[in-house]
Colleague: 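Got a structure here, written out as structure tokens. Questions coming.
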Amino acid sequence: MDYVKLINCMRCGMCLPVCPTYKETFFETASPRGRVALVKKVHEGELDQSERMLEYLSLCLDCQACASACPCGVNAGELVAEFTCERKSESGLGFMENLILRKLVPHPDRLETSMTPMRLYQNSGLQKLVRTLGILKIFPKPLGRMEGLLPPLPAKPLRQEIEEVTSAVGAERGTVGFFLGCVMSLIFSDASRATIKLLSKLGYRVITPRNQVCCGAPNMLGGDLEGLNEASRTNIDIFAGYQLDFIVTDCGGCGAELKNYAHHSTDESAAAFSAKVRDISQVLALHSDELRAVLKPLNRKVTYHDPCHIAHCQGIRKEPRNLLTLVPGLQYRELESADACCGSAGTYNICKPEMSDRILQRKLDTVRASGAEILVTSNPGCLLQLKKGLANQLPEVTLMHLTELLTLSMSQ
Ligand code: SF4
Ligand code: SF4
């Protein structure tokens with residue numbers, strides 16, 4: 001860990017009002033400033049890594065809202081993640097971590113097969129019965145949380161359906177590689193299908209390599225740097241096999257990780273790969289006039305939730321909003337604290353259910369206050385978390401990925 005990053009904190013407190021866990025607890029130890037101080041003290045040998053201290057650090061969502069607010073460039077979320085990674089690389093992965101991060105996540109075929117029982121569970125009507133009878137209450141709580149987050153699954157993962165090459169509609173303006181995020185392919189395949197459709201409609205030939213693997217974000221989250229490096233190496237080599245203008249993703253978490261490959265490696269190919277990565281909103285924003293010409297009226301009140309991995313990690317805020325306001329008749333309502341985390345944060349909503357629910361509640365209150373009929377966002381973690389929250393409290397609000405809303409407008 002770079003010690004300079006730790007001593008850059010001047011303890012001004014400007015990060016406190018944006019930190020979700022500080023807002024819920026008002027504990028200094030649950031604030032960005034407090035977390036930086038804790039890591040610094042451990043680094044200087046003045047503090048032991050006690051259970052309590054690690055618990056405070058583990059409450060961090062790594063949402064990086066603190067980094068956006070800090071005038072000194074301190075990124076408390078990233079420092080906590082690096083600290084966790086360093087600890088893990090010393091202690092090694094546990095049995096289950098090894099099973100999930102090394103044997104399952106890097107293998108798309110295995111990941112897809114692992115979803116088959118879930119699909120059967122839903123399609124057989126068993127899910128409905130289990131939910132009606134409340135049977136999951138007798139099982140460990142995390143299982144119930146995971147089940148509660150699971151939306152209806154598509155018949156097939158998109159990776160198994162999509163052609164490797166989708167031709168451009170009309171004159172071809174270029175070629176893009178499409179990075180198909182695991183959760184997008186397995187669960188939100190309609191959104192990624194819409195993404196490919198938009199790119200092709202704008203004149204891009206879209207290449208979706210079938211052998212691409214997970215971006216490595218779960219490895220990073222689990223402190224498995226070696227696994228992350230393997231994932232990045234595989235993806236860099238695969239996409240280097242094509243002449244591409246951009247590597248596009250519609251998954252905020254994947255985009256942030258892919259752009260970060262260059263930070264984890266000194267290899268020039270990693271820098272070249274990361275430099276080509278774009279969030280879908282960045283590519284669509286290059287073609288606003290053409291989009292305006294094909295979008296048809298959609299008289300709905302719409303608001304936008306900034307995924308942390310898009311707003312804080314990639315600094316993308318205006319593109320999604322500008323794209324929404326291109327839709328004729330759409331009434332855009334800005335969400336209060338739109339870039340505040342929704343409480344999803346990888347597996348945080350399973351591991352820290354109480355804090356996650358409190359953070360989600362704030363988000364749902366702002367959605368209610370906005371009066372929106374449609375909530376738009378562009379990250380699978382947020383989609384899962386918000387889908388569950390809306391179903392419980394605001395069933396009248398429809399949740400959509402940005403590209404789904406744009407293709408809906410196109411097809412009116
Ligand atoms: S992390 Fe940044 S914003 Fe927060 S107290 Fe330190 S210097 Fe100030
Ligand atoms: S990453 Fe998020 S939760 Fe963690 S310290 Fe920063 S603002 Fe707080």
Side-chain angles (χ1 to χ4, degrees), residues 1-44 47 52-87 217 220-223 252-253 256-257 259-260 263 305-317 336-363 366 377 379 381-382 385:
M1 179 173 293
D2 186 355
Y3 185 66
V4 175
K5 289 185 192 166
L6 294 169
I7 56 171
N8 275 350
C9 175
M10 60 175 181
R11 308 190 56 76
C12 65
M14 285 178 72
C15 52
L16 301 189
V18 300
C19 175
T21 55
Y22 180 75
K23 282 195 280 187
E24 293 301 330
T25 62
F26 294 111
F27 290 160
E28 180 69 16
T29 42
S31 77
R33 182 173 65 185
R35 290 181 176 123
V36 173
L38 288 174
V39 174
K40 182 166 166 275
K41 290 284 173 205
V42 172
H43 208 270
E44 290 167 345
L47 190 66
R52 198 154 159 216
M53 179 265 186
L54 295 174
E55 178 63 25
Y56 283 135
L57 292 185
S58 72
L59 211 56
C60 172
L61 297 131
D62 195 12
C63 68
Q64 304 198 11
C66 47
S68 295
C70 178
C72 304
V74 178
N75 186 336
E78 197 175 74
L79 287 168
V80 172
E82 277 179 26
F83 176 79
T84 311
C85 263
E86 281 177 15
R87 282 189 65 243
M220 182 66 201
L221 262 176
E257 199 57 60
K259 287 181 179 179
N260 242 343
H263 294 290
H305 159 71
D306 291 278
C308 302
H309 283 98
I310 293 189
H312 301 303
C313 302
Q314 299 184 59
I316 301 168
R317 295 163 190 272
E336 191 193 330
S337 302
D339 66 354
C341 183
C342 65
S344 174
T347 53
Y348 193 95
N349 48 5
I350 312 287
C351 306
K352 306 278 176 206
E354 280 149 32
M355 183 58 80
S356 170
D357 283 350
R358 284 162 70 175
I359 294 167
L360 172 63
Q361 190 57 53
R362 279 186 191 255
K363 183 59 69 181
T366 60
T377 193
N379 186 55
C382 308
Q385 174 88 335

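One-based numbering, in listed order, for ligands and for the atoms of each.
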Colleague: Any donor-acceptor pair under 3.5 Å linking the side chain of Lys363 with the backbone of Ser337?
Modeller: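 At least one qualifying donor-acceptor pair exists.
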Colleague: Can you list the ligand 1 atoms lying under 4.0 Å from a non-hydrogen atom of Arg11?
Modeller: 5 (S), 6 (Fe)
Colleague: Please list the nearest protein heavy atom to atom 4 (Fe) of ligand 1 with its residue and the distance rounded to 0.1 Å.
Modeller: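 For atom 4 (Fe) of ligand 1, the nearest protein heavy atom is Cys15 SG, 2.3 Å.
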Colleague: Any chance CE of Met14 has more than 12 other-residue heavy atoms, nucleotides or ligands included, within less than 6.0 Å?
Modeller: no
Colleague: Does a side-chain heavy-atom distance below 4.5 Å link Leu61 with Lys352?
Modeller: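 Leu61 vs Lys352: side chains apart.
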Colleague: Leaving waters out, which protein N, O or S atoms fall under 2.8 Å from atom 4 (Fe) of ligand 2?
Modeller: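 Hits for atom 4 (Fe) of ligand 2 below 2.8 Å: Cys60 SG.
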Colleague: Between the main-chain N or O of Tyr22 and the side-chain N or O of Ser31, is there a donor-acceptor pair closer than 3.5 Å?
Modeller: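 Not a single qualifying donor-acceptor pair exists.
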Colleague: Using heavy-atom distances only, which candidate in Arg33, Met10, Lys5 approaches atom 7 (S) of ligand 1 most closely?
Modeller: Met10
Colleague: Is any side-chain heavy atom of His312 closer than 4.5 Å to a side-chain heavy atom of Arg317?
Modeller: yes
Colleague: Going by heavy atoms in the side chains, are Asn260 and Glu257 under 4.5 Å from each other?
Modeller: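 In contact.
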Colleague: Give me the nearest non-hydrogen protein atom to atom 6 (Fe) of ligand 1 as residue plus atom name, then the distance to 0.1 Å.
Modeller: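 Minimum-distance protein heavy atom for atom 6 (Fe) of ligand 1 reads Cys9 SG, 2.4 Å.
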Colleague: I'd like to know if atom 4 (Fe) of ligand 1 has an N/O/S atom from Cys72 within less than 2.8 Å of it, counting both backbone and side-chain atoms.
Modeller: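 Short answer: no, not a single N, O or S atom is under the cut-off.
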Colleague: Can you see which heavy atom on Cys382 is nearest to which on Ser344, and at what distance?
Modeller: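 In this case the closest contact between Cys382 and Ser344 is N-OG, 4.1 Å.
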Colleague: Of all the non-hydrogen atoms in the protein, which one sits nearest to atom 8 (Fe) of ligand 1, and at what distance?
Modeller: Cys12 SG, 2.3 Å
Colleague: Are any side-chain N or O atoms of Gln314 and backbone N or O atoms of Gly252, one a donor and one an acceptor, separated by less than 3.5 Å?
Modeller: yes
Colleague: To check your reading of the model: name the closest protein heavy atom to atom 2 (Fe) of ligand 1, its residue, and the distance in Å.
Modeller: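 Nearest protein contact, heavy atoms only, for atom 2 (Fe) of ligand 1 is Cys70 SG, 2.3 Å.
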Colleague: Of all the atoms in ligand 1, which lie at a distance below 4.0 Å from a heavy atom belonging to Gly13?
Modeller: 5 (S), 8 (Fe)
Colleague: In sequence, state the C-alpha distance, the side-chain angles, and the governing distance for Glu336 and Arg362, and then conclude on salt bridge (Lys or Arg N to Asp or Glu O under 4.0 Å).
Modeller: CA-CA 10 Å; Glu336 191 193 330; Arg362 279 186 191 255; over 6 Å; no
Colleague: Would you call Thr84 and Leu57 a side-chain contact if the rule is heavy atoms closer than 4.5 Å?
Modeller: no
Colleague: Look at ligand 1 and say whether Pro71 reaches it with a heavy atom at a distance under 4.0 Å.
Modeller: yes
